[in-house]
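Just below is one structure, and these are the notes that go with it.
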Amino acid sequence: MDNISIARLLDETASLLEIDSADPFRIRSYRRAAEAVEQQTTQLSTIADDPKALLAIPGIGKGMAANIVFLLTTGTMPLREELLQKYKPTMLDLLRLPGMGPKTVALVWSACQVCDIDGLEAAAKAGHLTKLPRMGEKFVIKLLKGIEDHRKNSSRFRIDKAQQHADTIINLIRAFPGIDEIIPAGSLRRGRETVGDLDLLATGPACEPDVVSAAVEHVASLPLIDKLIAKGQNKVSFTLRNNLQVDVRLLPGASYGAALQYFTGSKMHNVALRQRAIKRGLTLSEYALLRLEDNVIVAAASEADIYNALDLDYIPPELRENGGELEAAATHNLPQLITLADIRGDLHMHTEATDGRDTIRQMAEAALLRGLNYIAITDHSKNLAMTNGLDDTRALAHIKRIREVDAQLQQDLVALNESLARDTPPTNSRISNLWDLLKTSSSRPDHNIADPSQASSSRPEAAHFAAAAERPPHFADATTRPPLTLPLTFRILPGIEVDILADGALDLDDSTLAQMDIVVASVHSHFNQAADEMTARVLRALENPHVRILGHPTGRKVLGREPYAINIDTILKQAAKLGVAVEHNASPARADLNDLHLRLAKKHNCKIVINTDAHATEELDQMRYGITQLRRAWLSPADILNTQPTAEALLKNLRPKP
DNA sequence: GCCGTTTTCGGCCCGACTGTTTTCAGTCG
């Protein structure tokens, strides 16, 4: 059993305990253990013989270690079995519905014997639920809507989850000798926010027709396959335990480009492209672009060949939605799309001072190693009590601390740059860690990023940094990290994420905000306000001259909450007029502005920033998903403010401080 | 159930909102 499965079972047990009204702290310890297991870079199955190794993981004590050993040896554990005597595993689905918490799940089970979504829907429609305590008409309406949304979304996977699964499978398939390239096609390659299934296309000597059967067998026997759906001559289809369907195609090099083009889609883009081919006396299929009259192959080995043969510039996958990209490609008017390497700063992140995990210095070093030149630390303000939000006094103390850490870092960078120039290890212990990470990553240019097990557990950053290495030639990757340029420069800007209260006021004093370089104002509560109230509230917040960035402007969450009711058009216009930048939240869970919003922002000449809202160092990597969404909105580096090379240049482009 | 220390047990983020009540439980972030 792998770590992911262990983590899932521990997390499920926590949910079952919740339904069972167990001690909340016991429940939390199961959740924490699940998270800890998930984050381990070594497989627990390889270290479970050593009792000390498990206990060394924070969050794993004697009891949890025993649970893990049980899971590894028997596939289950006593507590889980005991709970499954009382409850059904399908109840865990009910917990994902809005308004359905553990207590309500337990209630409908004891009162109506309802344990799954279909049953709950039937009970709701039959009017059985309104007889129960605390459940009225409104609740039922919300619930039925929630069930509908859940059904619509649950068959799709968020892009980052899909990418993780793709990376894992790609590594397993690459292990087979003679496979040179394997690339995800389909909506994952186009960078859609959610992905229905994975299409993986492999090529190399082992994929040539006379020998491909051995590679097909290898793929069909991958350990992570839950159900094998089909195994053909050069195609294998299967599902994973989470029901994600994966189609792997093994293709000869000669037709790889045609296949990649065909399976990347979108469907409408392909239809338009084939029509264009026919007009030119050609025919396009997944095997090749052929001349109709004599079936001579015009192009097939690479996508660029195919587009060029159709008198088109190469069209990046993100634009292939039949949204004007063919016309633009025909007239050489495709935009120069933004890439991850263009982003020089990240202006929204949290630290341990509130609900983040890492320190100011750790966030700064992690950003530095990712090629950024500046960050802003923007912890929460007091109204978000659950995050330990900062009141005025603490906020002022915090930015003093940020300035101190920045000053220290400036000194350290001087020493580090000297060491790098002379190529001699530094004597300063504060920078020896940074030195090691820089040296580790640059000395391993062939490091393969997608294999997390290769990452040293004590130095996760090294693997992150090496991510920029080796990409297959067919993979025009916009999310490659930029190489570091010497001398290293870096600035930490003091900031805050203030809360916009129900009436549009901010929850900290102007005198406090005046001390901040970056003030991000965000809505965190009262989502139930009517659209005009919500719009007025945000407009009022924008009037505060200290506000420089409007944080997560729509409150949208991918596969989660719908955006709150707001007149985004009005907001964007006003933000543009006042010079307040709007934030695109790069986190794949809450890509706040969808591509439509982003185009609207550009149309209104809005300043746009892209931030990760990271709560831990590794979340800085989520920037790549945000970049993908910007590309889908046809945005260029010039459209985004934090492509500015330095903190000074960035600040000059933000709304001037009063 | 974990952790840390005060070595044997107490603390572990908590406030706001919702729909239902008529004073609050449950959910959410």
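Chain letters run A, B, ... following the sequence lines, proteins first, then strands; residues in each count from 1.
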What does [X] touch in the nucleic acid at a heavy-atom separation under 4.0 angstrom: a base, only the sugar-phosphate, or nothing?
| X | value |
| --- | --- |
| Phe25(A) | base |
| Pro24(A) | nothing |
| Asp23(A) | base |
| Glu18(A) | nothing |
| Pro58(A) | sugar-phosphate |

Find which nucleotide of DNA chain B each of Gly61(A) and Pro102(A) is nearest to by heavy atoms, and output the residue with the more 5' nucleotide.
->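 It is Gly61(A) whose nearest nucleotide is closer to the 5' end.
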
5'-most contact on DNA chain B: Pro98(A) or Gly59(A), nearest heavy atom basis?
->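 The 5'-side residue here is Gly59(A).
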
Figure out the [atom1]/[atom2] separation between [X] and [N], and round it to whole Å.
| X | N | atom1 | atom2 | result |
| --- | --- | --- | --- | --- |
| Asp355(A) | dG29(B) | CG | P | 14 Å |
| Asn383(A) | dC28(B) | CG | P | 20 Å |
| Leu384(A) | dA16(B) | CG | P | 11 Å |

What's the closest nucleotide to the [X] side chain, out of [options]?
| X | options | answer |
| --- | --- | --- |
| Arg28(A) | dT20(B), dC13(B), dT27(B) | dC13(B) |
| His526(A) | dG19(B), dA16(B), dG1(B) | dA16(B) |
| Arg32(A) | dG19(B), dC2(B), dG26(B) | dC2(B) |
| Ser29(A) | dT27(B), dC12(B), dC2(B) | dC2(B) |
| Leu79(A) | dT27(B), dG19(B), dG1(B) | dG1(B) |

Taking the basic N atoms (NZ, or NE/NH1/NH2) and the acidic carboxylate oxygens, is any pair closer than 4.0 Å for [X] and [Y]?
| X | Y | answer |
| --- | --- | --- |
| Glu365(A) | Arg370(A) | no |
| Arg8(A) | Asp2(A) | no |
| Asp503(A) | Arg537(A) | no |

Do the ring centers of His524(A) and His526(A) come within less than 6.0 Å of each other?
-> no

